[in-house]
Structures are given as structure tokens and as C-alpha cells.
Amino acid sequence: MQTEKEDEDEASVEEEYVALSSFTGSGSDQLTFSVGDKLLVHAKPSSEWWWAELRGVIGYVPASYLQQDAAAAEEEEEEEEEEDPWQDEEYFGSYGTLVREPRLHLEMLSDKSRTEAYRQVILSNSASLRNKVVMDLGCGTGIISLFCAQLAQPSEVYAVEASSMAEYTRQLVKQNGCEEVVTVLQGRAEEIELPEQVDVLVSEWMGNCLLFEFMVESVLLARDRWLKEGGVMWPSSAALTLVPCQANSYYAEKMAFWEQPYGLDFTPLQPLAQQEFFTKPKFSHLIEPDDCLTAPCDVLCLDMYTLQVKDLEEIKGQFHFDVEKSGVFHGFTAWFTVHFESLETGGATVELNTGPNSEPTHWKQTLFMLDRPVSVCAGDSIGGTILLRRNPVWRRHMTVTLHWSINSSTENCQVGTKSFPMWR
């Protein structure tokens, strides 16, 4: 029979790791550390969060920020290709099949709001697309390229896809009688060669919280290399929107549940539940409009003609919200909107909005939970900043840091800061 001490020894790994990037802990259970710090990992309770020690202080740390030893970390910096900081095999592999989880192509094609927005862009600009050269970057199954070929009369559409889905896209192009217009090219945007520059660069590059997975970098590199002077970007602009919100059902499910399940006091598990559920964003969240405590605010606005790759490393926005109704402030919900400028004189801009007042999309919204809910009253204000910082090693990851202050006429100002690592 195994003793309690033997159980502890088995769970304890006692390994030294080096920090690949800095991390600011939120709450007393998370460690704050700087790049290059050496941490002693005591346990690995999940693949995402480990229990570690730094200078005598113990807490949770995000596993993706650590490398087992400094020598390996230096080697990784010198030979990034070996560790694949872009995680291309995983990223492109997930788009390379119709049956592999999470069945992304079925999910995207079934997203009527997303697909119809791109179809409407092509249809409403069909006259201006006549005899134009179009690049569809990250074309997937090629549906946008097929829309171009069938609804407009471009001279050429270059459908670019890095994953193995490109083989099937060629079949779909032929099956739909578009092979004289659409040319499918398999390869990364940074590596492909085109016989000419393009008039229009269209791409569906958006991820959770707008930038996650950073496909946008490939779009910007393709823009600088292949878009003609005066050419058109679709989307032409993008905005990230934020709103303070209630999340009563989610909070009850993940935290309040432990207060007295089956008549027993399980509150000692609440800190662990908070660590598990509230230290990272909740993807695929659907917020009810009534759960918004204020009017939403655009906190980041991107111009796809002027945005540079270097700008992606760190993007900061500010917000100020006036609380419209009393309630419980559980956190912030984020979503994005993109706009497609018209090529027609006097034509209308097409908008794709992933917020709660629009038809749900496969992106849904992203929920950032506070460690502890705060009661707010109508007339209070919530101000602060949001910072999106790209991971310096794992290039498809980022950290979202929210800093806020609650100003009330009845209580002292309450201030809070929390960082949310976002990874695949």
C-alpha cells in the first residue's frame, strides 16, 4: 500500500525551468516572474498550469512560458526552426482535413454570418472586380475564390493555402467549373511566388479576440509584397470591442457550486476552481445583451493599409464605461467587427460583427473573468486599459492584460489588474 508521503513524491517533479518570457500573475496564487528567471517546478497538475517556486514563493505559472533549462532556451532562440515557434504543423494540420477535430472547415462553412458577409462583399462589388486580379489568402476550401469566379468576372484568382487542404481545394475548383479563373497555390504566404501583383487581397484571418493565432501577420506580409499600389484590402479595417458584464450562470457553475453541494461545505476547492476556470479566457462565450452593464466600446482599431508587423508585438487601448444599471461586475466580454470598403462609387461598406446584437458566429465572444465579482451601481464608471502582448517565443500565442478602476459616488475607487495567457 502506497503511503501519503510516497504519493506526494510521485506528484512532485522538482525540476528547474527557465522563463522564456515575463509573466505578471493575477491574484495571490500566481507567480510573477521575468524572462530568464529560474523556477523550480514542484508539480504539473495540468498541461497548462504548473505549481512552481521562485525565490521561496510558491504559486501557479503558465507552462507555455517555461523551458526546462537555460541552455535549451538559448538553443531555441538560435534555432527557432527546430522548435517551430509558429507551431505550423499543429496550426496548418488542423485546417488540413474535414474530419479531424475540431472540424474547423465544417464550423466555418456552417457559419452563415461569416460566409454570407464575404459573399455579399463579392456580389456588391462584382462590376468593379471585372478583369481584376485577386488573391484569396488562407483560402481553405476555396469558397471565397469560388464566389469571386462565379459572382464576378476577375481575370485571375490566386487561392493560397498552406495546409494539405489545398489538394481538395483544387478538386473543388474543378468540380465547380472555375479552373480557368482560379489557381490554387499551396504554401505559406511568406514563401509563395505569384506571376503578378494583385488588385485585391482578401482573407479571413481573424481569430478569437481578433488577433489570436496571428494569421494577420501573413496577410500584412502578402500585402507588402503582392498588393499593387492603390490596391484593396478585404477586410479593410477591424475593431476589438469590450464591455463590462455579468456572468451569473458561469460564475454559479464554476465557483458558487462549491459553497454547499449536497449539503456539504466544499469552499476549500474554490481557489482551485478559480485557478482552473478564471485564469484563462473563456472562448466561445455567448453573452446575452442584458448582461452588458454598459454600452460597449471599441478599444482597438486597426487600419489594414497602415498596420505593420512590428505593431503586432504590443497593442494597447483605453476604455471608459458609464454603468447604466446596477448589477454584478463579473468581468469583460470582447468581440470584433471588420469592415469591407466598397469598390463602387457610393457603394455601401459591408460589416461583419461578431457581437451579441448580431447573429452568432463560430467565433462567438471571449469572456475575461475577474478573480472576484464586484457590485456596481448605475452612475458608476469603469475606466482602464487593455494590452495585447504577443508571446516572444510561441508566435501564435498572446497575453491579454486588463487594468481597471471602478469609480463610485458611495465607495472608494477600486483598482484591479489581471493578465490572461491565450494559447492554442
Side-chain angles (χ1 to χ4, degrees), residues 20-24 35 64-65 77 80 85-88 91 135 137-138 160 162 188-192 197-198 200-242 281 296-320 332 334-341 349 351-354 363 366 368 384-403 417 419-424:
L20 295 175
S21 60
S22 300
F23 174 73
T24 302
V35 61
S64 63
Y65 279 56
E77 289 179 4
E80 285 184 336
W86 273 89
Q87 299 169 290
D88 284 342
Y91 177 71
M135 177 194 289
L137 185 60
V160 180
R188 288 189 54 171
E190 298 84 349
E191 300 166 354
I192 60 162
Q197 290 194 305
V198 303
V200 178
L201 171 54
V202 59
S203 180
E204 194 270 82
W205 53 263
M206 299 78 71
N208 292 101
C209 213
L210 185 60
L211 293 178
F212 187 49
E213 295 186 325
F214 287 94
M215 183 184 167
V216 65
E217 175 170 330
S218 297
V219 175
L220 299 181
L221 293 172
R223 175 201 67 189
D224 294 344
R225 189 177 181 194
W226 295 112
L227 187 64
K228 292 179 181 177
E229 186 175 351
V232 172
M233 296 283 290
W234 281 338
S236 313
S237 62
L240 180 68
T241 302
L242 200 68
C297 169
D298 288 346
V299 291
L300 299 177
C301 295
L302 307 180
D303 183 334
M304 294 306 295
Y305 294 97
T306 60
L307 182 66
Q308 300 297 314
V309 171
K310 62 180 175 60
D311 299 333
L312 302 175
E313 296 301 321
E314 191 171 290
I315 302 181
K316 188 174 185 178
Q318 295 183 329
F319 53 80
H320 178 88
F332 296 91
W335 63 86
F336 65 83
T337 304
V338 294
H339 293 94
F340 304 80
E341 68 172 302
T349 298
E351 176 184 278
L352 171 58
N353 190 318
T354 64
W363 291 283
T366 303
F368 300 92
T385 60
I386 181 172
L387 177 67
L388 276 62
R389 179 181 289 120
R390 194 174 185 183
N391 190 295
V393 177
W394 305 107
R395 304 301 282 158
R396 296 199 186 277
H397 299 175
M398 67 180 182
T399 298
V400 176
T401 300
L402 289 156
H403 175 76
T417 298
S419 292
F420 299 82
M422 294 179 65
W423 58 78
R424 288 177 50 79

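In what follows, every heavy atom counts, from backbone to side chain, and hydrogens, waters and symmetry copies are set aside.
Ring geometry, F332 versus F319: the interplanar angle falls from 30° to 60°, so the pair is classed tilted.
Between the side chains of D298 and T241, at least one donor N or O lies within less than 3.5 Å of an accepting N or O.
The backbone N or O of S64 sits less than 3.5 Å from a side-chain atom of W394, completing a donor-acceptor pair. A distance-only check finds no donor-acceptor pair linking the side chain of R390 to the backbone of E313 [under 3.5 Å]. The backbone N or O of F336 sits nowhere less than 3.5 Å from a side-chain atom of W363 that would complete a donor-acceptor pair. Panel note: side chain W234, backbone E341; a donor-acceptor pair is recorded below 3.5 Å. Judged by distance alone, the side chain of S203 and the main-chain N or O of L137 form a donor-acceptor pair under 3.5 Å. Side-chain atoms of R395 never come within 3.5 Å of backbone atoms of F214 as a donor-acceptor pair (strictly under, hydrogens ignored).
Closest of all the heavy-atom pairs between R223 and T306 is NH1-N, 3.9 Å. Minimum interatomic distance between T385 and Q318 (heavy atoms only, all atoms of both residues): CG2-CG, 4.0 Å. Between S22 and Y65, the shortest heavy-atom contact is O-CE2, 3.2 Å. Listed here is the closest heavy atom pair of P421 and P281: O-CD, 3.6 Å. Closest non-hydrogen pair, W205 versus A238, comes out as CH2-CB, 4.1 Å. Taking each heavy atom of L227 and Q197 in turn, the nearest pair found is O-NE2, 4.0 Å.
When the options L210, N353, L240, L352 are evaluated for a side chain to side chain contact (heavy atoms under 4.5 Å, CB included) with T337, the one that passes is N353.
Side-chain atoms of M233 and V219, non-hydrogen and from C-beta on, do get closer than 4.5 Å to each other. Considering only heavy atoms from C-beta on, R188 comes within 4.5 Å of E190 through its side chain. When side chains are defined from C-beta on, L312 counts as touching L307, because their heavy atoms get closer than 4.5 Å. Side-chain contact between D224 and V309 is absent, with no heavy atoms from C-beta onward closer than 4.5 Å.
Taking the side-chain hydrogen bond (donor to acceptor under 3.5 Å, both in side chains) definition, one finds that E314 meets it with R389, sequence neighbours left out. Here S419 pairs with T401 under the side-chain hydrogen bond (donor to acceptor under 3.5 Å, both in side chains) rule; sequence neighbours left out.
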Intermediate values then yes/no, side-chain contact (heavy atoms from CB on, under 4.5 Å), H339 and S236: CA-CA 6 Å; H339 293 94; S236 313; 5.7 Å; no
Working for side-chain contact (heavy atoms from CB on, under 4.5 Å), residues M304 and L220: CA-CA 8 Å; M304 294 306 295; L220 299 181; 3.9 Å; yes
Criterion side-chain contact (heavy atoms from CB on, under 4.5 Å) on V216 and L302, from CA distance to verdict: CA-CA 11 Å; V216 65; L302 307 180; 5.7 Å; no
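How far OG of S218 is from CD of E213: 11.5 Å, rounded to the nearest 0.5 Å. Atom CH2 of W335 is separated from atom SG of C209 by 11.5 Å, given to the nearest 0.5 angstrom. Summarising the geometry, atom CZ belonging to F212 is positioned 6.0 Å from atom NE2 belonging to H397; distances are rounded to the nearest 0.5 Å.
Residue K316 qualifies as open at atom NZ: its count of foreign heavy atoms under 6.0 Å is 12 or below.
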